[in-house]
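The block underneath contains the structure these notes are about, expressed in structure tokens.
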There are 2 protein chains.
Amino acid sequence: MSSEPVPPRRATHTVDSLLDAAVAVFNDRGYDGTSMEDLARAAGITKSSIYHHVKGKEALLGMALDTALAGLFAVLDEPASNEGPARDRLEHILRRSVEVLDAELPAVTLLLRVRGNTPTELEALERRREFDRRVTDVVAQAIAEGDLRTDLDPALVTRLVFGTVNSLVEWYRPGRGESASDVADALVTLAFDGLFR
Amino acid sequence: MSSEPVPPRRATHTVDSLLDAAVAVFNDRGYDGTSMEDLARAAGITKSSIYHHVKGKEALLGMALDTALAGLFAVLDEPASNEGPARDRLEHILRRSVEVLDAELPAVTLLLRVRGNTPTELEALERRREFDRRVTDVVAQAIAEGDLRTDLDPALVTRLVFGTVNSLVEWYRPGRGESASDVADALVTLAFDGLFR
DNA sequence: GTCTATAAATTGATAGAC
DNA sequence: GTCTATCAATTTATAGAC
């Protein structure tokens with residue numbers, strides 16, 4: 001048997017496990033409201049240990065934003081986002097966006113709260129705008145194909161509908177209350193059919 | 001004629017004018033991302049001059065959050081929010097909420113981004129929840145009165161619809177693009193009738 | 001009502017031992 | 001991979017002159 005006493009265990013981390021811990025704190029306190037000391041405490045290690053894994057706080061933010069953006073852009077590259085009636089493509093993009101939000105909630109939440117104070121944030125904001133443009137194109141096509149009401153502006157519709165999707169991060173929690181597909185159903189029903197019965 | 005040379009003008013402030021400048025910076029850089037030095041620069045005075053007007057940064061935040069919350073709760077106290085069919089009351093609350101958002105955009109934006117790091121923020125979050133509860137009651141009544149589809153949960157509907165309203169702060173700018181009433185029309189149409197024609 | 005000067009605490013980051 | 005020790009810069013806040 002081992003005669004060594006168990007050393008006073010400190011947490012040990014990989015870049016990924018550290019990132020998970022960091023993103024959770026970022027979302028709890030806000031990115032700017034989080035100090036390296038906050039991150040160290042949450043990770044169970046010291047500040048200097050964090051620098052062994054990453055360059056600094058902004059690098060952690062950048063990795064999380066990349067995860068979120070990659071998930072969202074992957075949706076736009078799926079066949080169902082590019083084939084068939086634009087109305088169906090829009091519904092697909094909506095449902096899959098909710099799924100990405102569900103699967104990558106911490107990263108997506110962070111993405112949606114970015115203010116643009118640093119180069120990392122500015123780049124993320126630009127990629128978000130690109131996502132919006134591509135969705136707006138689909139909405140415009142759906143209107144052109146005669147499947148959506150014509151009295152609404154495509155850009156405005158996109159902003160309102162994705163405003164609804166994005167607002168999910170304020171209250172939706174995986175495994176608590178409604179499932180992601182319940183939420184997606186309600187959202188799609190509301191968007192296409194409205195509240196009237 | 002005056003023989004006095006024009007003195008090197010520093011900006012002079014009242015609490016209100018300082019608050020306006022501060023809220024603008026808070027929204028640009030985020031509350032936590034804003035230092036007293038940032039506020040001083042934006043106001044055209046020094047840090048220490050700010051302390052002549054207010055206790056500190058958090059006091060400025062508190063005043064702005066009060067403005068936003070007062071505007072929203074005032075809507076709930078209006079006669080049209082309390083008389084007639086719940087469906088009409090809901091539409092009134094929706095339209096007036098957009099108007100409050102338009103009239104007090106900087107303060108409302110700040111309110112919607114609060115994270116809960118300080119007592120001031122926690123109190124604001126609690127008052128927001130109270131607002132949500134009161135709106136949810138109206139939605140539930142509208143469903144009970146048979147004016148809205150019954151296959152959606154009132155709390156979920158409230159979250160989705162007010163998620164849409166709240167998302168306006170991310171892009172709506174008074175005097176640029178659509179007017180507030182254009183936006184309110186589109187939002188109400190979308191919420192009640194959906195995208196289908 | 002604003003300023004300069006300064007204090008006290010916090011923050012992001014690095015060096016180097018184990 | 002984590003630690004202690006340390007630093008330079010920033011940040012909130014106060015004292016007191018004009």
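All chains are named by letter (A, B, ...) in the order of the sequence lines, taking the proteins before the strands, and each is independently numbered beginning at 1.
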Next on the checklist: Using five pairs at each end of the helix from C:dG1-D:dC18 to C:dC18-D:dG1 to define an axis, what is the angle between those two axes, to 10°?
Outcome noted: 10°

Item to check | All side-chain contact (heavy atoms from CB on, under 4.5 Å) counterparts of A:A180, not counting sequence neighbours | outcome: A:D102, A:Y172

Checklist entry - Quick one: is D:dT2 close enough that its OP1 or OP2 comes under 4.0 Å of any side-chain N or O from A:T46? => result no

Next on the checklist: List the residues meeting salt bridge (Lys or Arg N to Asp or Glu O under 4.0 Å) with A:R115, not counting sequence neighbours, and say none if there are none.
Outcome noted: none

Checklist outcome for this item: salt bridge (Lys or Arg N to Asp or Glu O under 4.0 Å) filter on A:E123, not counting sequence neighbours, yields none

Item to check | side-chain contact (heavy atoms from CB on, under 4.5 Å) partners of B:L190, counting only residues at least two apart | outcome: A:L160, A:V161, B:L195

Checklist outcome for this item: The residue, B:T14 or B:K47, whose nearest nucleotide of DNA chain C is more 5′ is B:T14

Item to check | Partner residues of A:E78 under the salt bridge (Lys or Arg N to Asp or Glu O under 4.0 Å) criterion, sequence neighbours left out | outcome: A:R96

Next on the checklist: Can you pull out the residues from residues 48-63 of chain B that lie within a 4.0 Å heavy-atom distance of DNA chain C?
Outcome noted: B:S48, B:S49, B:H52, B:H53

Checklist entry - Which residues satisfy the ring-ring contact (aromatic ring centres under 6.0 Å, His included) test with B:F162, sequence neighbours excluded? => result B:F131

Checklist outcome for this item: Sorted by number, residues from residues 22-39 of chain A placing a heavy atom under 4.0 Å from DNA chain D are none

Next on the checklist: List the residues meeting side-chain contact (heavy atoms from CB on, under 4.5 Å) with A:D182, not counting sequence neighbours, and say none if there are none.
Outcome noted: A:E178, A:S179

Item to check | salt bridge (Lys or Arg N to Asp or Glu O under 4.0 Å) involving B:D88 - partner list, sequence neighbours excluded | outcome: none

Checklist outcome for this item: Which of B:N27, B:L101, B:L110 passes side-chain contact (heavy atoms from CB on, under 4.5 Å) with B:V169? Answer is B:L101

In residues 66-77 of chain A, what donor-acceptor pairs under 3.5 Å come from side-chain atoms, sequence neighbours left out?
from: A:D66; atom 1: OD1; to: A:R127; atom 2: NH1; distance (Å): 3.1
from: A:T67; atom 1: OG1; to: A:M63; atom 2: O; distance (Å): 3.1

